[in-house]
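The structure appears right after this line, and notes come after that.
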Amino acid sequence: MDTPLSTIAVVGLGTMGTGIAEVLARAGHEVIGIDIDDAAARHAVAALEAATARAVRRGRITEGERNDALARFRTFHDLRAAAEAELVIEVVPESYEIKQQVFRDLDAIVSPTAILATGTNALSVTRLAAESLRPERVLGLHFFNPAPAMKLVEVVSSVLTAPPAVAAVTELARSLGKEPVAVGDRPGFVADGLLFGYLNQAAAMYEANYASREDIDAAMRLGCGLPMGPLALLDLIGIDTARTVLEAMYCASHDRLHAPAPVLRQLSEAGLTGRKSGRGFYTYAEPGSQTMVPDALAPRGGSPAVDGRTVRSVGVAGSGTMASGIAEVFAKAGYDVVLVARSQEKADAAKGRIATSLERSVSKGRLTAGARDEALARIAAAGSPDAFADVDLAVEAVAEDLVVKQQLFRTLDKVCKPGAVLATTTSSLPVVAIARATSRPQDVVGMHFFNPAPAMKLVEVVRTVLTADDVHATVREVCVKVRKHPVDCGDRAGFIVNALLFPYLNNAIKMVEEHYASLDDIDAAMKLGGGYPMGPFELLDVVGLDVSLAIEKVLHSEFRDPGLAPAPLLEHLVAAGCLGRKTGRGFREHARR
């Protein structure tokens, strides 16, 4: 099968079809755009004209190249225009009935050697191929939105697809400057298979009133480095589209994590489908606009309802990376800091690490030498919690062990003055269980920093049912003063970030267990198709497989959802001592430090 694929038809000129047509035309292919809606066809032409004009202004193409690309794009409203195409890519609405009718009609129109590709991200390619007279020439070619910018293309084979057809479209994708990833036929494939479960959980979290839409989105952007928060992304994708994808995934997996959150149905049926309708989780200036406008749910500015307590001095308990980072954050913000470890030697070593970190900031031009000296002078290192006697805020960053933390808080209860705020940086343990170890649980709050604390902007502020209002207000005020972004969440496993992040990581491991895709393909799919700064297996090795397993177990224990059970492969690697970068081996081999 040596089809040249020089003439390509794109059926459906919505946002995705228009983007694919642009990519093909600019790469030198003759493109036949087909849509029954003349307005859609006109919009596609206008979009290509605008995109190529921008490219000329930016010096990426010449005016001649622009004119050639425009000349290669022709639009029609009848499928018979696809007769001369060697490849047809359909991107019509996500409906078996609509897509199957397109394939049946194309069977009678195109050459017997033509390849038929579906752009579905949710429906079974095998089922679509079975309806065709040429199932061996039917496959999936899943671009990501916006197609001109996104590098990933998933090439989806069914059990019926002929390998030469796969080879032809794979080579086409490479010639377009894309990164093709070969995947099998399952709902969502790789990228959407992982992405939509995460988006669904975020929608359910919002629906449960656990956190505001703004805090959920900010948490995932600032805590994970994602380009968009999950609810804003659902608005961009289209809430109706997301619901369709999840329905297909749930029908195949019967995993409750894929069962569409009821809020998705409610919004879809109300016509509140996101940006395209002008309203979804957020409200937009107009349909199709990306500009969010204030609505009834938007947070109101102004003074807090309750004044916080005065904080001038801060105690930090611990000698590890997190404790050192938090102490550095407070010292640079002008607070007097007492850094306490289990011995004076450990405390001095922790202060030494802070000095090294501050010196790095000076060498990179982020801090002046004077500011470095002032920050370091504000830090007193001590080997006993007794040094916390006069602090206004005590922050613990010791081992993630409930017994250890409870013992420390019993000590803080005795040594800290009345009115001092006691904060735990736990990422997975119940804050209230730590608070109950004291005689003043109303003064205890969660203050979950992210590693490395000097760089990461997010702090999850976790109030228990016992936390006093002024304690909550105090911590939020302090976060702002140290230039962090506080998000509010309740006292339940995983808070916001870990509750959404780790099921996604767990599902990626399950994909590997099922031999559906390789580590490299999954990592590439999430970086190129989802805009993630790291692939799931890169991140797991950085976080530590033992830490990841512990968080997975806590989530599974709290929510009792079978889909949250830790993947056996993760348990096996931890049992074998393969914990990631820190041991030199996790999902991949690493050079020992």
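Bear in mind the structure is a predicted one, so any value in this text is a computation, not a measurement.
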Inter-residue atom distance [X].[atom1] - [Y].[atom2], 0.5 Å rounding:
| X | Y | atom1 | atom2 | result |
| --- | --- | --- | --- | --- |
| S548 | L539 | OG | CG | 7.0 Å |
| K553 | L570 | NZ | CG | 9.0 Å |
| T244 | F196 | OG1 | CZ | 9.5 Å |
| H448 | T426 | NE2 | OG1 | 7.5 Å |
| L549 | H556 | CG | NE2 | 12.0 Å |
| L199 | L231 | CG | CG | 8.5 Å |

Under 3.5 Å donor-acceptor, [X] side chain and [Y] backbone:
| X | Y | answer |
| --- | --- | --- |
| E513 | L569 | yes |
| T18 | T15 | no |
| K510 | P566 | no |
| N145 | I237 | no |
| E460 | V487 | no |
| Q290 | R275 | no |
| K178 | A147 | yes |
| D235 | Y282 | yes |
| R581 | V542 | no |
| T161 | V138 | yes |

State plainly whether the residues [X] and [Y] are in salt-bridge range, i.e. N to O under 4.0 Å.
| X | Y | answer |
| --- | --- | --- |
| R588 | E538 | no |
| D240 | R265 | no |
| R279 | D295 | no |
| E514 | R186 | yes |
| K99 | E131 | no |

Please examine the side chains of [Y] and [X], heavy atoms only from C-beta on, and report whether any two atoms are closer than 4.5 Å.
| X | Y | result |
| --- | --- | --- |
| L264 | F281 | yes |
| M447 | V461 | no |
| V155 | V181 | no |
| S124 | Y96 | yes |
| L195 | Y504 | no |
| Y198 | L257 | no |
| I8 | L172 | yes |
| R243 | L234 | no |

message: Among L116, I115, V169, which residue satisfies the side chain to side chain contact (heavy atoms under 4.5 Å, CB included) criterion with L141?
response: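 When L116, I115, V169 are each tested with L141, the side chain to side chain contact (heavy atoms under 4.5 Å, CB included) holds only for V169.
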For F502, the option from V543, N507, V497, V554 that meets side chain to side chain contact (heavy atoms under 4.5 Å, CB included):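 Among V543, N507, V497, V554, the one that satisfies the side chain to side chain contact (heavy atoms under 4.5 Å, CB included) with F502 is V543.
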message: Using the rule given for side chain to side chain contact (heavy atoms under 4.5 Å, CB included), can you reason through V92 versus E90, listing the C-alpha separation, both sets of side-chain angles and the distance that settles it, and then say yes or no?
response: CA-CA 6 Å; V92 299; E90 71 75 17; 3.2 Å; yes
- request: Evaluate the side chain to side chain contact (heavy atoms under 4.5 Å, CB included) criterion for residues R492 and M205: first the C-alpha distance (whole Å), next the side-chain angles of each, then the deciding distance (0.1 Å), finally the verdict.
  value: CA-CA 12 Å; R492 73 179 201 187; M205 179 180 283; 3.9 Å; yes
Going by distance alone, is a donor N or O of one side chain under 3.5 Å from an acceptor N or O of the other, for [X] and [Y]?
| X | Y | answer |
| --- | --- | --- |
| S212 | D488 | no |
| D521 | Y516 | no |
| T241 | E94 | no |
| H258 | S253 | yes |
| H590 | D541 | yes |
| D523 | Y532 | no |

Taking all atoms of both residues into account, what is the closest heavy-atom pair of [X] and [Y], and its distance?
| X | Y | result |
| --- | --- | --- |
| D35 | G14 | OD2-N, 4.3 Å |
| L555 | L564 | O-CD1, 3.9 Å |
| C489 | Y210 | CB-OH, 3.3 Å |
| A122 | T120 | N-OG1, 3.1 Å |
| P533 | C224 | CG-O, 3.3 Å |
| M16 | V91 | CG-CG1, 4.0 Å |

- request: Please step through side chain to side chain donor-acceptor pair (under 3.5 Å) for the pair Y206 and D217, ending with a clear verdict.
  value: CA-CA 10 Å; Y206 168 76; D217 280 356; over 6 Å; no
task: Walk me through it: do Q266 and E207 pass the test side chain to side chain contact (heavy atoms under 4.5 Å, CB included)?
output: CA-CA 11 Å; Q266 294 159 13; E207 185 173 27; 3.8 Å; yes
task: Might you confirm whether atom CZ of R213 has over 12 heavy atoms from other residues, nucleotides or ligands at distances under 6.0 Å?
output: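 Atom CZ in R213 is crowded, with more than 12 foreign heavy atoms closer than 6.0 Å.
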query: Does atom NE2 of H485 have more than 12 heavy-atom neighbours, drawn from other residues, nucleotides or ligands, at distances under 6.0 Å?
result: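 For H485, atom NE2 is crowded (more than 12 foreign heavy atoms under 6.0 Å).
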task: Take S158 and D185 through the test side chain to side chain donor-acceptor pair (under 3.5 Å) and record every step on the way to the result.
output: CA-CA 6 Å; S158 78; D185 183 23; 5.9 Å; no
task: Could you walk me through whether H142 and D192 pass side chain to side chain contact (heavy atoms under 4.5 Å, CB included), step by step?
output: CA-CA 10 Å; H142 181 212; D192 285 352; 3.1 Å; yes
- prompt: Is the H254 ring parallel, tilted or perpendicular to the Y250 ring (thresholds 30°, 60°)?
  reply: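 Judged by the thresholds at 30° and 60°, the geometry between H254 and Y250 is perpendicular.
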